[in-house]
Amino acid sequence: MKQLFIIALFAALFAQTANCQTPGDPITFTLSIVDPITGTTNPNPKTPVTPPSVFISGNTFLFPTAYAESLPIVLTDNTGTIVYYSALPAGSTSLILPSTISGPYILYIYMDGYIFCGQINL
């Protein structure tokens, strides 16, 4: 009877683990040398740094880690025109974009003096 209980417990744990889902699709970032707001370039970026971990689910950006400082967020279209500007508030783990924004964009995140960019599709 004890073995049956243990087997049932492991089966339940395995089934629950199999149902876990990622928070959304991960966004792959590169280090940008062009600031989309000012248009200035930094051809010699600083030393390598780890990009932020960000997922996208619908029109929501999900950050697994809350940052101590606010992070400016910029979306540009394929021509480089800024279509959205906001900031992830300090301590927050998600940012919801307006539902009117859809299509392919380039996402810029400003963090610790670096500018990270990644292509997204809303």
If I take atom CG from residue Leu95 and atom CD1 from residue Ile56, how far apart are they, to the nearest 0.5 angstrom?
10.5 Å

Set of side chain to side chain contact (heavy atoms under 4.5 Å, CB included) partners for Pro52, sequence neighbours left out:
Phe29, Val54, Tyr67, Ile109, Met111, Phe116

Hey, could you give me the CD1/CZ distance between Ile27 and Phe63, rounded to the nearest 0.5 Å?
7.5 Å

Could you list the residues that satisfy side chain to side chain contact (heavy atoms under 4.5 Å, CB included) with Thr81, not counting sequence neighbours?
Asp77, Thr79

Taking the side chain as C-beta and beyond, is there a heavy-atom pair between Pro104 and Asn78 under 4.5 Å?
yes

Does any part of the side chain of Pro64, heavy atoms only, come nearer than 4.5 Å to the side chain of Phe55, both counted from C-beta?
yes

Can you tell me how far the CG atom of Asp112 sits from the CG atom of Leu71, to the nearest 0.5 Å?
8.0 Å

Nearest-0.5 Å distance that lies between atom CD1 in Ile96 and atom CG in Asn59
9.5 Å

Heavy-atom pair of closest approach, residues Ser94 and Leu88:
O-CD1, 3.4 Å

By side chain to side chain contact (heavy atoms under 4.5 Å, CB included), Tyr84 pairs with (sequence neighbours left out) Leu75, Ser86, Leu97, Pro98, Ile101

Tightest non-hydrogen contact, residues Ile106 and Cys117, listed as CG2-CB, 4.1 Å

Output for pair (Leu107 CG, Phe61 CZ), nearest 0.5 Å, gives 4.5 Å

Quick note, side chain to side chain donor-acceptor pair (under 3.5 Å) partners involving residues 98-110, not counting sequence neighbours, are Asp35-Tyr110

